[in-house]
Protein chains: 2
Amino acid sequence: MQIEPELCKVEDALGILVGKWKPIILLHLLKNGTQRFSELKRSLPGITQKMLTKQLRELEEEDIIQRVVYAQVPPKVEYSITEYGRGLEPILEAMHEWGTKHTLHKREMQRKASI
Amino acid sequence: MQIEPELCKVEDALGILVGKWKPIILLHLLKNGTQRFSELKRSLPGITQKMLTKQLRELEEEDIIQRVVYAQVPPKVEYSITEYGRGLEPILEAMHEWGTKHTLHKREMQRKASI
DNA sequence: CGGCATCCCCCGGGATACTG
DNA sequence: CAGTATCCCGGGGGATGCCG
């Protein structure tokens, strides 16, 4: 792994995942396949339309997700993970796994600290 | 993997890694072992003392790195990865690998788009 | 040497309202 | 239904200066 700032690509990958709702959006699309805008919105309690739109546009820009607009009334827009975007799944899984352990680790640390 | 926002731990892991210099700091400590504050600062062209201190404190708070202060003049402070923190290495490597591919992928996308 | 303290700027992101 | 447009706030992060 290259460690020089110019060659280290960790930040680039991080940049794709960062954004308040991106991981959870990606997981929903990975698990549930193609989803409409309103379905995603319903699945993400608390998100605003503005934010959902923004995050989706940014992921689309990176070729992680695909956006399909149907020319009809009422409008219908579907989002799905690209084949390429699927390459992020192992990283998301690893982070989820580590995060789960970390939650327990912190609890243990606090327990010891309180003795 | 849990996908419900309350149970999904991806954001927690992400929270540890996010912060402008955290990945590169962790990689330096992982690769080079124990390092003094000034050594780290020299290794990170462009970082300010304030930022380096802040990022190190946050990582210490999560038990990812260890801070050892030597009571001497001039002061000496050494930082190192904890055994626990070493668990992040696979994730960092996976992100670096993906990021490298992504750089190439974007280049290819731009080439196709320009045709 | 290894920090805090201070000042300041930018933008991520929330709330709300309007539109094709 | 799936967006834009507008307003606004908090905090991440840069620059600089002081201290034990």
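Per chain, numbering begins at 1; letters A, B, ... match sequence-line order.
- Distances shorter than 4.0 Å separate none of the side-chain N or O atoms of B:R42 from OP1 or OP2 on C:dC1.
- In this structure, of D:dG14, D:dA2, D:dT4, it is D:dG14 that holds the atom nearest to the side chain of B:T48.
- In this structure, CE of B:M51 is placed 16 Å from C1' of C:dA5, rounded to the nearest angstrom.
- Residue whose closest nucleotide on DNA chain D sits further toward the 5' end, between A:R57 and A:P74: A:P74.
- Note: CD (B:Q55) to P (C:dG3) measures 14 Å, nearest angstrom.
- Contact between the side-chain N/O atoms of B:K20 and the OP1/OP2 oxygens of D:dG14 is found at a separation under 4.0 Å.
- Using a 4.0 Å cut-off between charged side-chain N and carboxylate O, A:K20 and B:E11 make no salt bridge.
- Ion pairing between B:E108 and B:R111 holds under the 4.0 Å rule for side-chain N and carboxylate O.
- Look at CD on A:E39: it is 17 Å from C1' on D:dG3, rounded to the nearest Å.
- Remark: A:K9 does not engage B:E97 in a salt bridge, criterion side-chain N to carboxylate O under 4.0 Å.
- Of the candidates D:dG3, C:dG3, C:dG2, C:dG2 carries the atom nearest the B:S38 side chain, counting heavy atoms from C-beta on.
- A:K41 has its NZ atom 10 Å from the P atom of C:dA15, to the nearest Å.
- Rounded to an integer number of Å, the gap from CD of A:Q72 to P of D:dG3 is 13 Å.
- Across the protein-nucleic acid pair, B:L52 atom CG and C:dC4 atom P stand 11 Å apart, rounded to whole Å.
- B:K50 contributes a side-chain N or O that forms a donor-acceptor pair with the base of D:dG14 under 3.5 Å.
- Mapping B:Q49 and B:K54 onto DNA chain D by nearest heavy atom places B:K54 closer to the 5' end of the strand.
- Between A:K106 and B:E62 there is a salt bridge, since at least one side-chain N of the basic residue sits less than 4.0 Å from a carboxylate O of the acidic one.
- The residue among A:I47 and B:Y79 whose nearest nucleotide of DNA chain C lies closer to the 5′ end is B:Y79.
- Distances were taken from every side-chain heavy atom of A:F37 (C-beta onward) to each of C:dG2, D:dA2, C:dG14; the shortest belongs to D:dA2.
- Residue A:R36 places at least one side-chain N or O under 4.0 Å from the OP1 or OP2 atom of D:dA2.
- Closest to the A:P75 side chain, of the nucleotides D:dA2, D:dG14, C:dG13, is D:dA2.
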I would like to know whether A:D63 and B:H105 meet side-chain hydrogen bond (donor to acceptor under 3.5 Å, both in side chains); could you show each step before the answer? CA-CA 9 Å; A:D63 195 29; B:H105 184 73; 2.7 Å; yes
